[in-house]
Amino acid sequence: MGHGGDLWKHATGAASGSFHTSSQEFGDSDLVVKGDDGEVTLYPGDQNFGFYAGCKPGEPCETQLAKANDMWKNYADFITAGDYAGTNAYDLMVKWVDGEVTIYPDVSQNTKLPTSLDEHLPNEITLAAPDSVFKYARGFATGKYGGNQWPDDLIVAPSPCRAPDGLLYGALRVTRSAGQGG
C-alpha cells in the first residue's frame, strides 16, 4: 500500500470507495481506515495504485474524519462502503458491536463523523436497530452484485453455528440494495 508499514499497523478496519472530490473526478479509489485508537482517517487515492499520506503541496491531503475516541475504538465492529443512499456518492456503513448498523451518506474529506454516543449526523441512516440480527454478523462486503448501477449490495457473513452433528455451519447472505437508494 505504500508509505511504509508503520502507517498501517494500527488499522483495525478499512473500506474503499471514491470519497475524496479529487478521486470522484478522476475515478480513483480511496481508503477510509479505522485505527485501534478510534481515529477514522480518509486516505485519498494517488492515481498510481496507492494512497496519499500526509499533506504535500499539489496533492490531496489525508483527512481525519473522526479524532481518536472511545466510541469508534470500543463500539465500531467493522466498516464497509458503497452507495446505499443512491446519490452517486460513497457512503460509510458501520456495524456496531450491539448489532446496530448505521449508514453515513455521502462521506467526503469534509465529513466529520460523530465521536460520542449522543452525537448524530443530520443525514445518518439507521439501517438496523441495536440487538438486530446483525449483532451476529462477522463481516460485510459491498459491491455491485446485480440489479442496478450502484455498489449497494451487501454480503453478510454470519457467525458460524455448531450443528448437532458437531460441524460448524454458516451461510453468506446477499442483501441487494441495502440502503434507501436502491
Side-chain angles (χ1 to χ4, degrees), residues 1 3 5-20 23 29-45 51 53 61-85 87 89-143 150-160 170 172-175 177-181:
M1 291 185 356
H3 307 294
D6 286 345
L7 181 64
W8 308 106
K9 71 181 178 181
H10 296 284
T12 60
S16 65
S18 295
F19 299 100
H20 199 281
S23 297
S29 289
D30 308 318
L31 202 60
V32 171
V33 176
K34 180 178 96 67
D36 58 8
D37 62 356
E39 180 177 337
V40 182
T41 306
L42 167 61
Y43 294 96
F51 304 97
C61 299
E62 73 178 58
T63 305
Q64 186 182 68
L65 302 178
K67 63 185 178 193
N69 66 88
D70 286 339
M71 184 179 85
W72 284 85
K73 177 182 178 181
N74 299 322
Y75 299 106
D77 203 3
F78 49 83
I79 59 176
T80 188
D83 184 10
Y84 313 110
T87 59
Y90 271 80
D91 313 317
L92 189 65
M93 182 183 287
V94 182
K95 188 268 189 179
W96 304 97
V97 295
D98 65 359
E100 182 175 353
V101 179
T102 305
I103 296 173
Y104 297 103
D106 304 341
V107 171
S108 74
Q109 71 272 14
N110 300 316
T111 301
K112 292 299 176 200
L113 295 169
T115 57
S116 68
L117 297 173
D118 59 348
E119 277 184 76
H120 298 280
L121 297 184
N123 65 340
E124 90 180 34
I125 299 165
T126 300
L127 186 64
D131 294 317
S132 74
V133 69
F134 289 108
K135 185 174 186 174
Y136 305 102
R138 291 297 160 242
F140 285 170
T142 301
W150 295 290
D152 63 352
D153 301 325
L154 185 67
I155 292 180
V156 179
S159 293
L172 291 179
R173 177 177 169 86
V174 177
T175 303
S177 302
Q180 295 180 342

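Remember, it's a predicted structure, so these values are computed and weren't measured experimentally. Heads up: numbering here begins at 1 and tracks the sequence.
- Qualifying side-chain hydrogen bond (donor to acceptor under 3.5 Å, both in side chains) partners for D30, counting only residues two or more places apart in sequence or in other chains: S23.
- At distances below 3.5 Å, at least one donor-acceptor pair connects side-chain atoms of K112 with backbone N or O atoms of Q64.
- Every side chain to side chain contact (heavy atoms under 4.5 Å, CB included) that T126 has, sequence neighbours left out, goes to E100.
- Closest of all the heavy-atom pairs between N74 and V97 is O-CG1, 3.9 Å.
- Annotation: side chain to side chain contact (heavy atoms under 4.5 Å, CB included) contacts of K73 (sequence neighbours excluded): D70.
- Once rounded to the nearest 0.5 Å, the distance linking NZ of K34 with CG of D37 reads 9.0 Å.
- Taking 4.5 Å as the limit, every side-chain heavy atom of E39 sits out of range of all side-chain heavy atoms of W72.
- Across every non-hydrogen atom of Y104 and P114, the tightest pair is OH-CG, 3.6 Å.
- Screening L42, L113, L65 for a side chain to side chain contact (heavy atoms under 4.5 Å, CB included) with L92, the sole residue that qualifies is L113.
- Between S16 and F19, the shortest heavy-atom contact is C-CE1, 4.0 Å.
- Not counting sequence neighbours, the partners of K95 by the salt bridge (Lys or Arg N to Asp or Glu O under 4.0 Å) test are D77.
- Not a single side-chain hydrogen bond (donor to acceptor under 3.5 Å, both in side chains) links T63 to another residue, sequence neighbours left out.
- The distance from atom CG of L154 to atom OG1 of T80, rounded to the nearest 0.5 Å, is 6.5 Å.
- A pairwise comparison of heavy atoms in A66 and T115 identifies CB-CG2, 3.9 Å as the closest pair.
- Remark: A11 pairs with V33 by the side chain to side chain contact (heavy atoms under 4.5 Å, CB included) rule, at least two apart or across chains.
- With sequence neighbours left out, Y43 forms a ring-ring contact (aromatic ring centres under 6.0 Å, His included) with W8.
- Between G99 and S132, the shortest heavy-atom distance links the atoms O-OG, 2.7 Å.
- Side-chain contact annotation: T102 with W96, donor-acceptor N/O pair under 3.5 Å present.
- Shortest non-hydrogen contact noted between A137 and V156 is CB-CG1, 3.7 Å.
- Counting non-hydrogen atoms of neighbouring residues, nucleotides and ligands closer than 6.0 angstrom, the CZ atom of F78 exceeds 12 such neighbours.
- In this structure a side-chain-to-backbone donor-acceptor pair under 3.5 Å is present from N69 to K67.
- Scanning for side chain to side chain contact (heavy atoms under 4.5 Å, CB included) contacts around D106 gives T87, A89, D91, with sequence neighbours left out.
- At a threshold of 4.5 Å between non-hydrogen side-chain atoms, the residues Y84 and L127 do not count as touching.
- Applying the side-chain hydrogen bond (donor to acceptor under 3.5 Å, both in side chains) criterion to D98, with sequence neighbours excluded, gives no partner residue.
- For D36, the side-chain hydrogen bond (donor to acceptor under 3.5 Å, both in side chains) criterion is met by H10, not counting sequence neighbours.
- Within the structure, salt bridge (charged side-chain N to carboxylate O under 4.0 Å, His left out) pairs that include any residue of residues 114-131 comprise D131-K135 (at least two apart or interchain).
- Residues V32 and V40 form a side-chain contact, since some pair of their non-hydrogen atoms from C-beta on lies under 4.5 Å apart.
- At distances below 3.5 Å, not a single donor-acceptor pair connects side-chain atoms of D83 with backbone N or O atoms of Y90.
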